Amino acid sequence: MRAPNPLLTTAVAICGLADGKALRSSSPADGGTSLLQTGYLIGNGKLGAIPFGPPGAEKLNLNVDSLWSGGPFEVEGYNGGNPSSPLYGALPGIRERIFQSGTGGMDELLGNGNHYGSNRVLGNLSVTFDGAPSYTNYKRTLDLDDGVHRTKFRINNSSAEIASSVFCSYPDQVCVYHLESTERLPVVAVKFENHLVEQSLLQSSCEGSTVRHSGLTQAGSPEGMKYAAVARVDPKSATTTCSSEGALQISAGKEVTIIISAETNYDQKAGNAQNNWSFKGADPGPVVERISSAASSRGYDSLLDRHVRDYQSLMGEFSLELPDPLRSESEDTDTAGLIEGYSYDGTGNPYLENLLFDYARHLLLSSSRANSLPANLQGRWTESLTPAWSADYHANINVQMNYWLADQTGLAETQHALWRYMADTWVPRGTETARLLYNASGWVVHNEMNVFGFTAMKEDALWANYPAAAAWLMQHVWDSFEYTQDAAWLDSQGYPLLKGVASFWLSSLQDDRFYHDGSLVANPCNSPETGPTTFSCAHYQQLIHQVFDSVLAAQEFIHPSSRDPQFVAAVTAALERLDKGLHFSSWGGIKEWKLPESFGYDGKSTHRHLSHLVGWYPGYSISSFANGYGANTSIQNAVRETLISRGMGNAEDANAGWAKVWRAACWARLNDSATAYGELRYAIDQNFVGNALSMYSGTEPPFQIDANFGFAGAVLSMLVVDLPVADGARMRTDSRTVVLGPAIPREWAGGRVKGLRIRGGGMVDFSWDARGVVNRARVVSRGTGGRVRLVNVEGHLLAEL
C-alpha cells in the first residue's frame with residue numbers, strides 16, 4: 001500500500017497557509033454566466049480550467065487555446081480579410097483629401113469581418129458522486145505558491161473529510177483532478193458535457209478507464225475544426241466500468257486521479273501560402289491519447305511534483321512583499337469579502353493589493369507558454385461559444401497590456417507564445433495586407449486579430465483603421481531583448497519582426513503637406529477609438545519613433561550578415577525628419593492630433609484611451625527620462641494636465657479597469673505616488689469582483705483580463721523607472737540611471753522586492769522605509785548591458801551595476 005499522500009494534509013489545512021498567497025472562499029464557484037465572477041482560474045498555457053460546483057457535483061470548465069470557429073474551417077478560400085485585388089490605388093486621393101482638409105474618409109480601404117470566428121469553450125468535465133447533498137466545513141483555495149486549486153469539506157456531518165486538488169501541468173501538457181478522502185470514497189462518475197453545442201456535432205464514449213469527447217465546430221464543407229479531449233483514470237488506483245449513459249464509474253478506495261488532455265487540429269505553422277493558408281494540422285484524437293497515456297504512467301505524485309517544480313521555477317523568480325498590519329485577519333477572510341469591503345475612499349489593503357499582483361503573474365503563466373497561443377482578451381478562459389469581442393487579440397492596448405508585467409518579473413518565457421503567433425500568423429498575411437492596401441513593403445496588421453491571420457481592416461475606420469498595432473508590439477520585442485540580452489533570439493526572430501514593421505513605415509510615411517514643415521507623418525490615421533481620420537496622430541508618430549529607434553539600437557547586437565547598411569541609412573534619415581508626436585495644446589495638455597485646435601478635436605476629454613501618452617507610458621519616446629529631456633518640467637506638466645483632463649477612467653464612454661490601471665502607471669511615472677495609488681484603489685473598487693478578476697463594465701460582465709495584467713504593470717511602474725537610452729544610442733557604452741521606488745505609497749511602508757529585472761540583464765533586490773523611499777538595494781546580477789546607476793526617488797545612489 002502506498003504511503004499517505006502528504007499533499008492531502010496540505011489540502012486539509014490549506015486555510016492556514018503561513019504566507020497567505022492564496023485566493024480563498026468558503027463556498028463553491030457558480031457555473032453559467034457567473035463562472036468568471038466566482039471561479040478561480042488555472043492553466044498551462046494551452047489548456048485552461050475553472051473548477052466549479054458543489055461537493056459531489058463538481059465540474060471543470062475546460063478550454064484549449066486554439067479552439068475557434070471561423071476562418072478556413074468555416075469557408076473555402078479564407079483570406080484573412082484581405083481584398084481579392086489591390087485597393088492602394090485609392091490611397092493618393094485619400095491622402096490628398098486629408099492633407100487638403102485636415103480630415104477625411106478612407107472607406108475605400110475598409111473591409112469586413114466575415115468568417116472572423118470566435119474563441120469558444122471546449123466543455124465541462126463532470127465529476128459526481130452520491131452522498132454529498134449536504135456538506136460542512138467547505139473551503140476552496142487557489143494557492144499562488146504552487147498553482148494548485150484545492151477544496152476540502154465534510155459530507156453529511158460524518159467524520160469523512162474529502163479533498164480535491166486540481167492543477168494544469170505544463171511539463172506533461174495535461175490537467176489533473178485528484179480526489180482523496182480520509183474514508184472510502186463513494187462511486188465517482190466522470191463524463192464530458194457541452195450543452196451549448198449542437199449535439200450532432202459531438203461524440204462521447206467510454207471505454208476501459210477512459211472517457212472521450214470529440215467534435216467539429218461545423219458540419220459540411222469545409223469541415224469544421226476538429227477537437228478532442230480525453231479524461232483517463234489512473235488504473236493503478238481504481239476499478240472502472242462504463243454506464244449506459246457513457247459515464248465512467250470509478251470505484252477507487254480512498255483516492256482517484258483523473259488526467260485530462262485536449263487538442264484541436266489547428267496548426268499555426270500551416271497559416272501561410274506554402275500550406276494554402278489552411279491552418280490545418282494532425283487529427284487531435286491520437287495526440288490526446290498519447291499525451292494522456294504518458295501522463296497517466298507517471299502517477300499523481302510525480303505529476304504534481306513536476307508541475308510544482310515548473311510553476312515555482314518561474315513564479316519564484318520574483319516576489320513582492322507588502323507588509324500589512326491586518327495580515328492575519330485578511331488571511332482568515334474570503335477573498336470575495338476582502339474585495340467587497342475594499343473602498344476607493346478607504347486606506348487600501350496591502351494584503352489584497354499584493355494578492356492581486358501575484359494573481360496577475362499566475363494568470364499570465366497559466367495562459368501563455370512557449371507552445372501555446374498568447375493570452376487573449378480573456379486569457380485562456382471562457383464559458384461561452386461566443387464570448388465578448390470573440391475573446392480575440394485587440395492590439396490597440398489590450399494584448400500589449402497583457403504582457404506589461406513579463407520582462408521585469410522573470411516571466412519573459414511567457415512571451416515566446418506572442419513572438420511565435422506574430423511570426424506565424426501576422427507576418428504572412430500582414431505582408432499581403434501591406435501590399436494590397438498600402439502598396440508598402442514589410443508587414444502590417446490592424447486592431448482586431450483572430451488565430452487565422454486576419455490582418456486587414458473591418459468595417460469602421462474609428463475601430464478598424466489602426467496600422468500602428470504592430471509598431472506598438474515592437475516595443476515588447478525590443479524590451480524583451482534589453483531585459484534578457486538574448487542576442488541569438490534577437491537575430492533570429494526579434495530583429496526580423498522589427499525590420500518588417502520599420503520597412504512598412506518607411507514605405508508609408510508622407511511629407512506633411514498640411515503644414516509643409518518638412519516632417520514625415522502617417523496618413524491616414526485614427527487615434528484608437530476616438531477622433532477623426534486625419535494625419536500625424538500623436539500615437540502613431542510616437543510608436544514609429546520607437547520602432548526606428550529600436551532598429552538602430554539593434555545593429556550592434558545582430559549578426560553582421562543580418563545588417564543592411566542601406567536600410568539603416570534610410571531609417572536614420574527618416575528618424576531625423578519624423579514628427580515625434582509631441583505637440584502642446586493651448587490649455588496645457590499634450591495634443592492627440594497635429595491639427596490646429598480650431599478643428600475642435602483637441603479640447604479636454606475624459607475618453608478611456610490615453611493613446612497620445614503611449615510615449616510616456618508604457619513607451620519612452622516622450623518620457624521626461626529619455627531623449628535628452630531630463631527633468632523637462634514643461635513635458636511633465638503637459639502630461640499631468642492631460643491626465644487630469646482624462647479623469648479617473650469612469651466616464652460616459654466606459655467604466656473599464658484597463659483604463660484606470662493605465663492612468664495609475666502614467667501617474668507613477670510622474671512620481672505622484674498618491675494619485676497613482678488612488679487610481680489602483682479605484683480600479684479595485686470599481687472593477688474587481690469576488691474571484692479577483694476585473695470586469696469590463698464596472699463589476700458587470702464581460703470579463704476582460706487585461707486589467708488584471710495591467711494592475712501588475714502599474715504596480716511595477718510605482719516600483720521602478722527603467723527606460724532605454726533613446727535615438728539609437730548604445731546601451732553598453734552609455735551610463736543609465738534607474739530609479740527605484742519612484743511612486744511607492746506610504747501605505748506600503750516597509751515593503752521589499754526580490755528579483756526585479758533591469759535592462760541589460762541585471763537583477764536587483766530592494767526595500768523601502770516608512771515613507772516609501774527605497775533605502776536598501778542589493779545587486780543580484782550585473783548582466784551585460786553596461787553601467788547602470790540605481791538611485792531612489794530623492795536621487796541618492798543606492799548601488800551600481
Side-chain angles (χ1 to χ4, degrees), residues 36 41 318 320 339 344 352-368 374-381 388-389 391 393-409 411 414-415 418 469 472-473 475-476 479 528-529 607-611 613-614 616-619 643 646-650 654-669 675-689 692-699 702-721 743:
L36 287 168
L41 280 51
F318 177 94
L320 168 67
I339 292 173
Y344 163 68
L352 177 61
E353 293 145 12
N354 205 150
L355 188 66
L356 293 176
F357 180 93
D358 293 333
Y359 193 37
R361 296 186 70 233
H362 163 86
L363 291 171
L364 183 58
L365 183 59
S366 300
S367 60
S368 185
N376 63 33
L377 276 177
Q378 292 191 186
R380 188 61 67 236
W381 301 275
W389 302 286
Y393 297 97
H394 272 50
N396 65 5
I397 178 60
N398 311 92
V399 70
Q400 290 89 345
M401 187 178 283
N402 284 3
Y403 290 89
W404 279 3
L405 63 92
D407 286 313
Q408 292 170 299
T409 70
L411 297 182
T414 64
Q415 295 179 116
L418 185 60
W472 194 339
L473 265 298
Q475 178 186 323
H476 289 256
D479 281 351
E529 303 180 17
H607 195 268
R608 60 193 177 276
H609 278 267
L610 299 176
S611 300
L613 295 187
V614 70
W616 180 259
Y617 187 92
L643 289 171
R646 290 283 153 142
M648 297 288 288
N650 181 8
N655 183 19
W658 62 259
K660 300 177 182 68
V661 297
W662 193 358
R663 284 157 169 78
C666 287
W667 280 110
R669 193 156 284 184
T675 308
Y677 184 48
E679 278 284 359
L680 280 188
R681 297 203 314 272
Y682 193 56
I684 298 172
D685 177 63
Q686 289 285 301
N687 295 102
F688 283 74
V689 296
L693 295 181
S694 176
M695 300 296 112
Y696 180 81
S697 301
T699 56
F703 162 55
Q704 189 170 297
I705 202 168
D706 43 23
N708 280 90
F709 294 136
F711 180 94
V715 170
L716 286 167
S717 74
M718 299 162 76
L719 297 175
V720 62
V721 175

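Quick caveat: nothing in here was measured; it's all calculated off a predicted structure.
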(request) Taking all heavy atoms of Asn396 and all of Glu529, pick out the closest pair and write down the distance. (result) ND2-OE2, 2.8 Å
(message) Between Asn687 (side chain only) and Thr699 (backbone N and O only), is there a donor and an acceptor less than 3.5 Å apart?
(response) no
(request) Report the C-alpha separation of Ser717 and Trp667 in whole Å, then their side-chain angles, then the decisive distance to 0.1 Å, and conclude whether the side-chain contact (heavy atoms from CB on, under 4.5 Å) test is met. (result) CA-CA 9 Å; Ser717 74; Trp667 280 110; over 6 Å; no
(message) Quick check for you: to the nearest 0.5 Å, what is the distance between Ser694 atom OG and Leu356 atom CG?
(response) 9.5 Å
(message) Would Arg361 pass as a cation-pi partner of Phe357, given that its NZ or CZ must be under 6.0 Å from the six-membered ring centre and within 45 degrees of the axis?
(response) no
(message) As an exercise, state the distance from CG of Leu377 to CD1 of Ile705, rounded to the nearest 0.5 Å.
(response) 9.5 Å
(request) Locate the shortest heavy-atom distance separating Pro618 from Trp662; write the atom from each residue and the value. (result) CD-NE1, 4.1 Å
(message) Could you check whether any side-chain N or O of Asn402 sits under 3.5 Å from a backbone N or O of Ala375, counting only pairs where one atom can act as donor and the other as acceptor?
(response) yes
(request) Report the C-alpha separation of Glu679 and Val661 in whole Å, then their side-chain angles, then the decisive distance to 0.1 Å, and conclude whether the side-chain contact (heavy atoms from CB on, under 4.5 Å) test is met. (result) CA-CA 7 Å; Glu679 278 284 359; Val661 297; over 6 Å; no
(request) Would you name the heavy atoms of Arg681 and Glu353 that are closest together and state the gap between them? (result) CG-OE2, 4.4 Å
(request) Might you point out which heavy atoms bring Ala668 and Ala676 nearest each other, and give the distance in Å? (result) N-CB, 3.7 Å
(message) Using a 3.5 Å distance criterion without hydrogens, assess whether the side chain of Tyr682 forms a donor-acceptor pair with backbone atoms of Asn650.
(response) no
(request) With rounding to the nearest 0.5 Å, note down the distance linking CZ in Phe688 to OH in Tyr359. (result) 10.5 Å
(message) Tell me if a side-chain donor or acceptor on Asn708 pairs with a main-chain N or O of Ala692 at a distance below 3.5 Å.
(response) yes
(message) Working to the nearest 0.5 angstrom, can you tell me the gap between Leu693 CG and Leu363 CG?
(response) 6.5 Å
(message) Test side-chain contact (heavy atoms from CB on, under 4.5 Å) on Leu643 and Leu610; report intermediate values, then the result.
(response) CA-CA 8 Å; Leu643 289 171; Leu610 299 176; 4.0 Å; yes
(request) Please confirm whether the backbone N or O of Met401 pairs with a side-chain atom of Asp706, one donor and one acceptor, at under 3.5 Å? (result) no
(request) Begin from the C-alpha positions of Gln415 and Asp407 and carry the test side-chain contact (heavy atoms from CB on, under 4.5 Å) through to its verdict. (result) CA-CA 9 Å; Gln415 295 179 116; Asp407 286 313; 2.9 Å; yes
(request) Give me the one residue out of Tyr617, Trp658, Phe711, Phe709 that meets ring pair (Phe, Tyr, Trp, His ring centres under 6.0 Å) with Trp404. (result) Tyr617
(message) Less than 4.5 Å apart, side chain to side chain, heavy atoms only: is that true for Leu473 and Leu418?
(response) yes
(message) Quick check: do Arg646 and His607 have side-chain heavy atoms less than 4.5 Å from each other?
(response) yes
(request) Would you check if the side chain of Arg669 reaches a backbone N or O of Trp616 as a donor-acceptor pair within less than 3.5 Å? (result) yes
(request) Could you grab the distance from atom CZ of Arg663 to atom CE of Met648, nearest 0.5 Å is fine? (result) 9.5 Å
(request) Could you tell me whether a side-chain N or O of Gln686 sits under 3.5 Å from a main-chain N or O of Gly657, the two making a donor and an acceptor? (result) no
(request) Taking all heavy atoms of Arg608 and all of Ala659, pick out the closest pair and write down the distance. (result) O-CB, 3.6 Å
(message) Nearest 0.5 Å, please: how far is CG in Asp685 from OH in Tyr344?
(response) 9.5 Å
(message) Keeping Ser366 on the side-chain end and His362 on the backbone end, is there a donor-acceptor pair under 3.5 Å?
(response) yes
(message) Main chain of Ile397, side chain of His609: is a donor-acceptor contact present, judged purely on distance under 3.5 Å?
(response) no
